[in-house]
Amino acid sequence: MTSSKSTFIAIVPAAGIGSRMQATIPKQYLQLGQQTILAHTLDCLLTHPAIKQVIVALHPQDEYFGTLSQASHPKITKVVGGGERADSVLAALQQADENAWALVHDAARPCLTHGDINKLITASERFPQGAILAAPVRDTMKRGNSDGTIGQTVDRENLWHALTPQLFPVATLKNHLTEALAEGALITDEASAMEWAGEQPGLVAGRVDNIKVTHPDDLQLAQLFLTQQSSQ
Ligand SMILES: Nc1ccn([C@@H]2O[C@H](COP(=O)(O)OP(=O)(O)OP(=O)(O)O)[C@@H](O)[C@H]2O)c(=O)n1
Ligand SMILES: C[C@](O)(CO)[C@H](O)COP(=O)(O)O
């Protein structure tokens, strides 16, 4: 359980290639207004007063990070990421203070706000096993058949979109993630590693504009959200 005396670090998995974005460069380095997607994400984390360190996992052949003004920030630690997002997160956890709490946040989510970070940190005082930002599903959900037809309607009661940051104790997350990956478990977010180990992280309702830039049309949406945020 976090307290006002807890130490918080951020982990930013930024070692992906952004294949679904169909861009000529990794999507985290695409321009979003005045700076890149990753720069926006780092600015939010670097300026939050409770975050003491930001560990960024980079692709081994990354040739862009060094061009960011944030690269020389004293709070930044770089690590080499892995083949999957979970491997990149684990590489960062290896460099993290075992007594700290880690806010793991996708580089590809540049619209994160301090308000949502504060909400997650405050809520985690109620969730000793950690918690994640999430958004309740608002549409009727369908599971499709391979032929393109509707297979079934999925009950959307208590169905959430998992967002990031996801906040967990470094030592516990590192142990569970290591074991889950060694067992070949499918781990697409930090909470799934904790759930794999039998933990029950908390769900904290977050902003729906905290989108993950994944497909080409997400870029314009992220720009709109950032413009709206800066005018508030
Ligand atoms: N081996 C990987 C794969 C992904 N990521 C990071 O995890 C976040 C979420 O992953 P995703 O949106 O899937 O990014 P990509 O893997 O780059 O996208 P794609 O799946 O379209 O290739 C991104 O910030 C990405 O940089 C990472 O650090 N290491
Ligand atoms: C961590 C995450 O953003 C939560 O929704 C998501 O699982 C990342 O998935 P991706 O396929 O690695 O983008």
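Note that ligands are numbered from 1 as they come in the structure, with each ligand's atoms numbered from 1 the same way.
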Hey, is the main chain of Gln223 close enough, under 3.5 Å, to the side chain of Gln220 for a donor-acceptor pair?
no

For ligand 2, indicate whether the residue His161 contacts it via side chain, backbone, both or neither (heavy-atom separation under 4.0 Å).
neither

Using distance alone, decide if ligand 2 has a nitrogen or oxygen within less than 3.5 Å of any nitrogen or oxygen in Asp189.
no

Arg109 to ligand 2, any heavy atom closer than 4.0 Å:
yes

Between Gly81, Ala14, Gly18, flag the one that comes closest to atom 15 (P) of ligand 1 by a heavy atom.
Gly18

Consider side-chain contact (heavy atoms from CB on, under 4.5 Å). Of Leu120, Val12, Ile121, Val104, which one does Pro165 pass it with?
Leu120

Check: Leu112 main-chain N/O paired with Asp116 side-chain donor or acceptor under 3.5 Å:
no

Polar proximity ligand 1 side, Ala15 side, N/O cut 3.5 Å exclusive:
yes

Nitrogen or oxygen atoms of Gly82 and ligand 1 under 3.5 Å apart
yes

Backbone or side chain, does any N or O of Ser88 fall under 3.5 Å from an N or O of ligand 1?
yes

Return yes or no for this condition: an N or O of Met21 is under 3.5 Å from an N or O of ligand 1.
no

Location of contacts on Glu84 toward ligand 2, heavy atoms closer than 4.0 Å:
neither

If you measure every N or O of Leu163 against every N or O of ligand 2, does any of those distances drop under 3.5 Å?
no

Lys212 to ligand 2: N or O pair under 3.5 Å?
yes

Any heavy atom of Lys27 closer to ligand 1 than 4.0 angstrom?
yes

Contact (N/O only, under 3.5 Å) between Thr164 and ligand 2:
no

Going by the atom numbers of ligand 1, which of them fall below 4.0 Å from some non-hydrogen atom of Ala108?
24 (O)

Enumerated ligand 1 atoms positioned under 4.0 Å from heavy atoms of Gly83:
1 (N)

Near Ile17 (heavy-atom distance under 4.0 Å), the atoms of ligand 1 are 17 (O)

Nitrogen or oxygen atoms of Thr214 and ligand 1 under 3.5 Å apart
no

So, regarding Arg85 and ligand 2 (criterion: nitrogen or oxygen to nitrogen or oxygen, under 3.5 Å), is there a contact or not?
no

